[in-house]
Amino acid sequence: MKKMFVLLGSMVLLASLVAGSCFAVASDSPDIKAIKEHGVLRVGVKVDVPKFGYRDPKTDKIDGFEVDIAKAIAQKILGKKSKIDLQAVNAKTRGPLLDNGEVDLVIATFTITDERKKSYNFSDPYFTDGVGLLVKKAAKIKSLKDLNGKKIGVAQSSTSQKAVQDEADKLGIKVDFLSYATYPEIKAALDSGRVDCFSVDASILNGYLDKSTMILPDRFSPQNYGVASKKGNDGLAQIVNETINQMKSSGQIDKFIKKWKLK
Ligand code: GLU
């Protein structure tokens, strides 16, 4: 019995040493040292997705669920949640900004995909959304089926086109796509009739809903959002993932979801 305790005790000690040294390695890694020297964590966030990352035109302040996550990571690495420098990104710019080192992290409704994992480190998911469809009320479109033969506006470099195409194939309908660099451009195309539908994650569509439009009940292709960092910055990826998982298990992520009324 005594031997057993000794054995168990030494296993626990070994496990904590290994865990401790992992953290030590991560916080001593060159990428983390560079952020500490810089003094701020540079984070790419959306500025046009209300409740996730949104710049209030009245105050010019960027706020939202993903900004709160950025602050929590800054707190973890730099000891202060105010030590962040937020930069506006969209679906097209967020990858290149990571590639050229202008931002340390992207926390911007960035769906984790196998393809993207080849280029970036992603944390475990912190939120799951679904792809949705925004149409003109006057068009009397009730679901994706009614979009047979119609044009759908999607964002360049987003997951939306593939998601809608897969769903259209399941239904046996034919749809065409027009792709745009930004969401306001897709909304303008919808308003002027150049496209019949604007498709992207439902949370993003919410920001473009107005009196003349409606979001259809269809939701497909679950979108798991992760925090992305540059490949090679592995100490950073490790600390980010630890922070996300701690926030999930402590209930902090759920608190933020409630705070921003996301569900
Ligand atoms: N979440 C989707 C993606 O990562 C939609 C585009 C976006 O996030 O802007 O492709």
Side-chain angles (χ1 to χ4, degrees), residues 43-55 62-70 86-99 102-103 105-135 144 152-168 175 177-190 195 197-209 215-216 218-231 240 244 253 256-257 260 262-263:
V43 185
V45 292
K46 292 286 184 78
V47 290
D48 55 356
V49 183
K51 300 181 185 184
F52 280 78
Y54 183 71
R55 193 197 309 267
I62 308 170
D63 240 329
F65 172 52
E66 291 177 324
V67 175
D68 282 349
I69 293 176
L86 300 175
Q87 296 191 31
V89 301
N90 62 35
K92 211 178 160 191
T93 62
R94 61 192 165 190
L97 285 170
L98 275 176
D99 295 335
E102 276 184 53
V103 295
L105 299 177
V106 162
I107 315 180
T109 68
F110 207 178
T111 303
I112 306 164
T113 67
D114 288 339
E115 196 54 35
R116 288 173 176 168
K117 278 204 258 180
K118 289 182 197 155
S119 310
Y120 306 105
N121 288 326
F122 276 93
S123 72
D124 293 333
Y126 55 82
F127 189 79
T128 303
D129 199 4
V131 174
L133 306 165
L134 181 80
V135 295
L144 180 59
I152 302 186
V154 290
Q156 288 162 7
S157 313
S158 74
T159 50
S160 319
Q161 178 165 343
K162 187 180 180 306
V164 179
Q165 186 64 66
D166 288 352
E167 206 62 17
V175 285
F177 294 95
L178 289 180
S179 50
Y180 298 86
T182 66
Y183 297 119
E185 285 172 81
I186 311 178
K187 178 61 168 55
L190 179 67
V195 297
C197 170
F198 170 3
S199 179
V200 71
D201 309 351
S203 48
I204 300 175
L205 286 181
N206 276 322
Y208 294 89
L209 193 61
I215 298 175
L216 299 180
D218 305 57
R219 289 289 176 280
F220 39 87
S221 188
Q223 303 288 306
N224 287 318
Y225 296 165
V227 180
S229 50
K230 192 175 179 168
K231 277 239 185 282
V240 165
I244 291 294
I253 287 283
F256 286 157
I257 287 175
W260 292 102
L262 300 178
K263 269 182 186 157

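Each ligand, and each atom within it, is numbered from 1 in the order the structure gives. The analysis underlying the following values was restricted to heavy atoms, covering all of them including side chains, and did not include hydrogens, waters or symmetry mates.
How far CD1 of Ile257 is from CG of Asp68: 11.5 Å, rounded to the nearest 0.5 Å.
Close placement of the Phe127 and Phe52 rings is indicated, their centers lying within 6.0 Å of each other.
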Could you go through the side chain to side chain contact (heavy atoms under 4.5 Å, CB included) check for Ser203 and Leu262 one step at a time? CA-CA 8 Å; Ser203 48; Leu262 300 178; over 6 Å; no

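When the side chain to side chain contact (heavy atoms under 4.5 Å, CB included) test is applied to Asp124, the partners found at least two apart in sequence or on another chain are Asn241, Asn245, Lys248. Take Leu209 and apply the side chain to side chain contact (heavy atoms under 4.5 Å, CB included) test, not counting sequence neighbours, and it matches Leu134, Thr213, Ile215. Partners of Pro96 according to the side chain to side chain contact (heavy atoms under 4.5 Å, CB included) rule, which considers only residues two or more places apart in sequence or in another chain, do not exist here.
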Are there any protein N or O atoms under 3.5 Å from the N or O atoms of ligand 1? List them with distances, or say none.
| unit_1 | atom_1 | unit_2 | atom_2 | d |
| --- | --- | --- | --- | --- |
| ligand 1 | 1 (N) | Thr109 | O | 2.7 |
| ligand 1 | 1 (N) | Thr111 | OG1 | 2.8 |
| ligand 1 | 1 (N) | Asp201 | OD2 | 2.6 |
| ligand 1 | 4 (O) | Arg94 | NH2 | 2.9 |
| ligand 1 | 4 (O) | Thr109 | O | 3.4 |
| ligand 1 | 4 (O) | Thr111 | N | 3.1 |
| ligand 1 | 4 (O) | Thr111 | OG1 | 3.3 |
| ligand 1 | 4 (O) | Arg116 | NH1 | 2.8 |
| ligand 1 | 8 (O) | Lys46 | NZ | 3.3 |
| ligand 1 | 8 (O) | Arg94 | NH1 | 2.9 |
| ligand 1 | 8 (O) | Thr109 | O | 2.7 |
| ligand 1 | 8 (O) | Thr109 | OG1 | 2.7 |
| ligand 1 | 9 (O) | Lys46 | NZ | 2.5 |
| ligand 1 | 9 (O) | Tyr183 | OH | 2.4 |
| ligand 1 | 10 (O) | Arg94 | NH2 | 3.4 |
| ligand 1 | 10 (O) | Arg116 | NH1 | 3.4 |
| ligand 1 | 10 (O) | Arg116 | NH2 | 2.9 |
| ligand 1 | 10 (O) | Thr159 | N | 2.9 |
| ligand 1 | 10 (O) | Thr159 | OG1 | 3.2 |

